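Worksheet: one structure, shown below.
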Amino acid sequence: MSGAVDAVLDQPLLWLVVTLLAYRLGLWLRGRTGAHPLAQPVLVAIVVVGALVVLLDVDYASYADDTAVITFVLGPATVALAVPLHRQLARLRGFVLPLLTAVVAGAVVSVAAAVGLVRLLGGDELLARSMAPKATTTPVSIAVSETLGGLPPLTAALTITAGILGAVAGPGVLGLLRVRDHRARGLAVGSASHGIGTGRMIVDHPGEGAFSGLAMGLTALVTSVVAPLLVALLL
């Protein structure tokens, strides 16, 4: 029996199919629950696939090899976020300066708050350096973490966690704060929760999704510049 299970687990692209099915399950749950905040496809896929990987004692390298094509298409998918932004270009008029100010301020606050919180709670310098770039998209946060002397795998986990928390709670928190402008809502979530949050905003409103995608890209750019300066200043 064990041999049969091992044979199945050794099938090429098995985990690619499993990951896609888990994400499809997330989409189904989101539809069935009326887009409940917790029914985020990425969150569902992470929980399902993570549980299977742990239960079946699957080596992460094998999983990564099977799902390499997903990693590859993340680049084109990110670039494709420019399409909804192009459709919202008219709404950028008179909003460029506030947008840039908000993104720079958000990046500075994110890095400073991450480092300050870690130090305040007694965390060491390595954790602070790893947490500093958490608000950027995962490939950028990993690269920045390496530059800062952090632990890239830990940074990746923190970045994904930040994205999930933003996607789940971000729109609700903005609603409680009575932030109604779709541009401002998109910028807030995109600046803090990168691609995962942007995926949520695209579903909620096309304008919010467009500005979230723009904020995600600009935040990655700004953070890569300001993070080394702030970390050197604060640590």
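Numbering starts at 1 and runs along the sequence shown. Computed from a predicted structure; not experimentally measured.
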Mind checking whether [X] and [Y] sit in one hydrophobic cluster, side chains of I, L, V, M, F, W, Y counted as touching below 4.5 Å?
{"X": "Val179", "Y": "Met201", "answer": "yes"}
{"X": "Tyr60", "Y": "Val53", "answer": "yes"}
{"X": "Val115", "Y": "Val109", "answer": "no"}
{"X": "Leu27", "Y": "Leu38", "answer": "yes"}
{"X": "Phe211", "Y": "Leu100", "answer": "yes"}

Exercise. Taking the six-membered ring for Trp, are Tyr63 and Trp15 parallel (under 30°), tilted (30 to 60°) or perpendicular (over 60°)?
Worked result: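 Tyr63 vs Trp15 ring planes: perpendicular.
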
So do [Y] and [X] actually touch side chain to side chain, heavy atoms under 4.5 Å?
{"X": "Arg119", "Y": "Leu234", "result": "no"}
{"X": "Val189", "Y": "Arg200", "result": "no"}
{"X": "Thr223", "Y": "Ser110", "result": "no"}
{"X": "Val48", "Y": "Leu25", "result": "yes"}
{"X": "Leu187", "Y": "Phe95", "result": "yes"}
{"X": "Thr161", "Y": "Lys134", "result": "no"}
{"X": "Gln40", "Y": "Val168", "result": "yes"}
{"X": "Leu218", "Y": "Leu99", "result": "yes"}

Could you report the tightest heavy-atom contact between [X] and [Y], atom names first, then the distance?
{"X": "Gly163", "Y": "Ile196", "value": "O-CG2, 3.6 Å"}
{"X": "Thr136", "Y": "Val140", "value": "OG1-C, 3.9 Å"}
{"X": "Pro41", "Y": "Tyr23", "value": "CB-CE1, 3.3 Å"}
{"X": "Val222", "Y": "Ala107", "value": "CG1-CB, 3.7 Å"}
{"X": "Val49", "Y": "Ala22", "value": "CG2-CB, 3.8 Å"}
{"X": "Leu148", "Y": "Pro228", "value": "CD2-CA, 3.5 Å"}

Closer than 3.5 angstrom, by distance alone: can the side chain of [X] be matched with the main-chain N or O of [Y] as a donor-acceptor pair?
{"X": "His205", "Y": "Arg185", "result": "no"}
{"X": "Ser145", "Y": "Ser141", "result": "no"}
{"X": "Ser130", "Y": "Thr155", "result": "no"}

Rounded to the nearest 0.5 Å, what separates atom [atom1] in [X] from atom [atom2] in [Y]?
{"X": "Leu221", "Y": "Met216", "atom1": "CG", "atom2": "CE", "result": "12.5 Å"}
{"X": "Ile202", "Y": "Glu208", "atom1": "CD1", "atom2": "CD", "result": "11.0 Å"}
{"X": "Leu52", "Y": "Leu14", "atom1": "CG", "atom2": "CG", "result": "9.5 Å"}
{"X": "Leu154", "Y": "Leu126", "atom1": "CG", "atom2": "CG", "result": "7.5 Å"}
{"X": "Thr19", "Y": "Asp66", "atom1": "OG1", "atom2": "CG", "result": "8.5 Å"}
{"X": "Leu165", "Y": "Leu158", "atom1": "CG", "atom2": "CG", "result": "10.5 Å"}

Exercise. In chain order, what residues pass the side chain to side chain contact (heavy atoms under 4.5 Å, CB included) check against Ala162, with sequence neighbours excluded?
Worked result: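 None.
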
